[in-house]
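Down below is the structure, laid out as structure tokens.
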Amino acid sequence: MTPAEDAQTAPSHGSTFPQAGVPSDPTAAAFFDVDNTLMRGASLFYLARGLHSRQYFATRDILHAGYQQLKFRVLGSENADDVREVRELALSFIAGWPVSDLIELGSEIFDEALTTKIWPGTAALAQRHLDHGQRVWLVTAAPVEIAQLIADRLNLTGALGTVAETKDGRYTGRLVGDLMHGPAKADAVRLLAAREGLDLRRCSAYSDSANDVPMLSLVGTPYAINPDRRLRAHARKRGWRIRDFRRARRAARAGLAAAALAGAVGGAAAAAAALRRNSGKGRSPWRTFHRS
């Protein structure tokens with residue numbers, strides 16, 4: 001059985017700590033998209049909702065963010081124009097903010113949200129890679145600070161995310177480079193693989209969106225997780241593995257998923273344990289690909 005076997009047949013061994021020093025399988029790794037792959041919906045929406053509840057966000061802004069979240073959840077796909085619009089809104093909103101404030105607030109908000117928004121099946125898949133001595137990175141258009149926060153809470157290796165420009169410890173409202181989206185994810189993974197000595201033919205990648213076909217095509221074992229229509233069609237044509245945990249969720253509600261979710265329960269327990277262990281730990285701004 002490979003590290004990327006189905007979550008249903010991949011029980012957790014109960015330990016979610018990443019390997020210290022050199023991993024036991026140093027040339028293989030896994031790359032996970034976040035929104036609708038690792039967690040239900042869009043991470044930026046949960047951040048916006050949490051900020052709104054703390055009166056940092058106007059009601060009209062959270063309604064707009066909620067509309068984008070609804071489109072994302074119902075249509076199951078990312079529209080490039082919507083992504084750019086959300087990016088501009090987020091950048092304009094945080095302009096002038098201290099980086100430390102966003103990290104502190106983000107930590108509180110995601111501690112509240114993560115335990116109920118993480119897909120247990122995807123968490124189990126990530127855990128399998130860790131259990132096999134492989135490293136696991138998140139790769140997402142979300143801000144790198146939020147991406148690394150999620151990676152830390154789940155004891156993953158690290159994260160690649162969109163980097164917002166800062167000056168004197170405050171956000172300027174501009175990006176460093178471009179949004180970590182579409183082909184940019186593939187470029188980042190390729191650079192990381194070269195730096196870390198990874199053999200991409202031995203690596204795995206997981207995403208829900210056809211926008212991530214460039215990243216998925218880089219690795220030897222691509223997975224379509226909760227795929228949108230275009231990615232599902234592409235995955236079927238290419239013979240890629242498909243896992244849809246949304247169907248399992250619906251089946252669970254009907255009381256029919258006892259067997260289908262057997263392994264996913266282990267992933268949920270591992271994720272919850274990691275969140276409990278890491279809650280309350282101090283955090284600092286992340287600018288590197290992984291923790292030192």
Side-chain angles (χ1 to χ4, degrees), residues 7 12 16-18 29-51 65 69 72 78 86 90 94 99-130 135-164 179-181 185 188-189 192 205-209 212 215 225-226 245 264 267-291:
S12 168
T16 58
F17 290 105
F31 305 98
F32 283 79
D33 173 52
V34 173
D35 294 348
N36 217 36
T37 301
L38 179 64
M39 65 188 305
R40 287 187 284 121
S43 53
L44 272 179
F45 170 75
Y46 299 122
L47 179 64
R49 188 177 66 180
L51 291 173
Q69 169 83 340
F72 183 45
E78 297 173 337
V86 171
I94 66 171
V99 174
S100 58
D101 282 6
L102 183 65
I103 293 173
E104 181 179 356
L105 289 165
S107 180
E108 294 177 5
I109 291 164
F110 279 90
D111 281 346
E112 296 167 1
L114 278 179
T115 53
T116 59
K117 303 305 179 186
I118 293 291
W119 289 109
T122 312
L125 289 169
Q127 183 60 39
R128 281 290 291 180
H129 288 282
L130 295 174
R135 288 168 284 180
V136 177
W137 277 275
L138 301 182
V139 187
T140 175
V144 67
E145 293 87 354
I146 298 302
Q148 187 65 54
L149 188 155
I150 297 171
D152 283 354
R153 290 300 194 265
L154 296 177
N155 284 311
L156 307 181
T157 308
L160 307 174
T162 299
V163 178
L179 192 72
M180 185 69 70
H181 188 257
K185 287 187 179 182
V189 167
L192 178 62
Y206 301 79
S207 179
D208 71 294
S209 173
D212 289 339
M215 178 180 75
I225 303 293
N226 306 326
F245 299 117
L275 292 169
R276 286 195 297 269
R277 278 196 299 270
N278 285 285
S279 61
K281 289 185 179 180
R283 290 294 181 265
S284 58
W286 300 277
R287 286 295 175 221
T288 57
F289 287 115
H290 59 78
R291 294 176 289 183

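Everything quoted here is computed from the prediction, not taken from an experiment. Throughout, numbering of the chain's residues begins at 1 and tracks the sequence.
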Seminar exercise, completed: Separation between CH2 (Trp119) and OG1 (Thr37), nearest 0.5 Å, reads 10.5 Å
Exercise. Of the non-hydrogen atoms in Trp137 and Ala29, which two are nearest, and what is the gap between them?
Worked result: CZ3-CB, 3.8 Å
Exercise. Taking C-beta and beyond as the side chain, do Leu125 and Ile225 meet within less than 4.5 Å on heavy atoms?
Worked result: yes
For this session: For the residue pair Arg153 and Ser107, confirm or rule out a side-chain donor-acceptor distance under 3.5 Å.
Result: yes
Seminar exercise, completed: Here the pair of heavy atoms bringing Ala30 nearest to Tyr206 is CB-CE1, 4.1 Å
Exercise. So do the side chains of Lys185 and Leu160 get within less than 4.5 Å of each other, counting heavy atoms only?
Worked result: no
Problem set entry | Side-chain heavy-atom pair Ile118, Leu154 within 4.5 angstrom cut-off | yes
For this session: Please examine the side chains of Leu156 and Phe32, heavy atoms only from C-beta on, and report whether any two atoms are closer than 4.5 Å.
Result: no
Seminar exercise, completed: Here the pair of heavy atoms bringing Ser207 nearest to Asp212 is OG-OD2, 2.5 Å
Exercise. So among Asp33, Asp208, Leu138, Asn226, which one has a side-chain contact (heavy atoms from CB on, under 4.5 Å) with Leu38?
Worked result: Leu138
Exercise. Looking at CD of Gln127 and CG of Asn155, how far apart are the two atoms once the value is rounded to the nearest 0.5 Å?
Worked result: 8.5 Å
Exercise. Could you give the distance from CD1 (Ile150) to CD (Glu145), rounded to the nearest 0.5 Å?
Worked result: 12.0 Å
Problem set entry | Flag if over 12 foreign heavy atoms under 6.0 Å of CD, Glu104 | no
Problem set entry | Over all atoms of both residues, closest heavy-atom pair of Ala151 and Ala159 | CB-CB, 4.4 Å
Exercise. How long is the gap from CZ on Phe110 to CE on Met39, to the nearest 0.5 Å?
Worked result: 5.5 Å
Problem set entry | Backbone of Gly161 reached by a side-chain donor or acceptor of Thr140 within 3.5 Å | no
Problem set entry | Heavy-atom donor-acceptor pair, Thr162 side chain to Leu179 backbone, under 3.5 Å | no
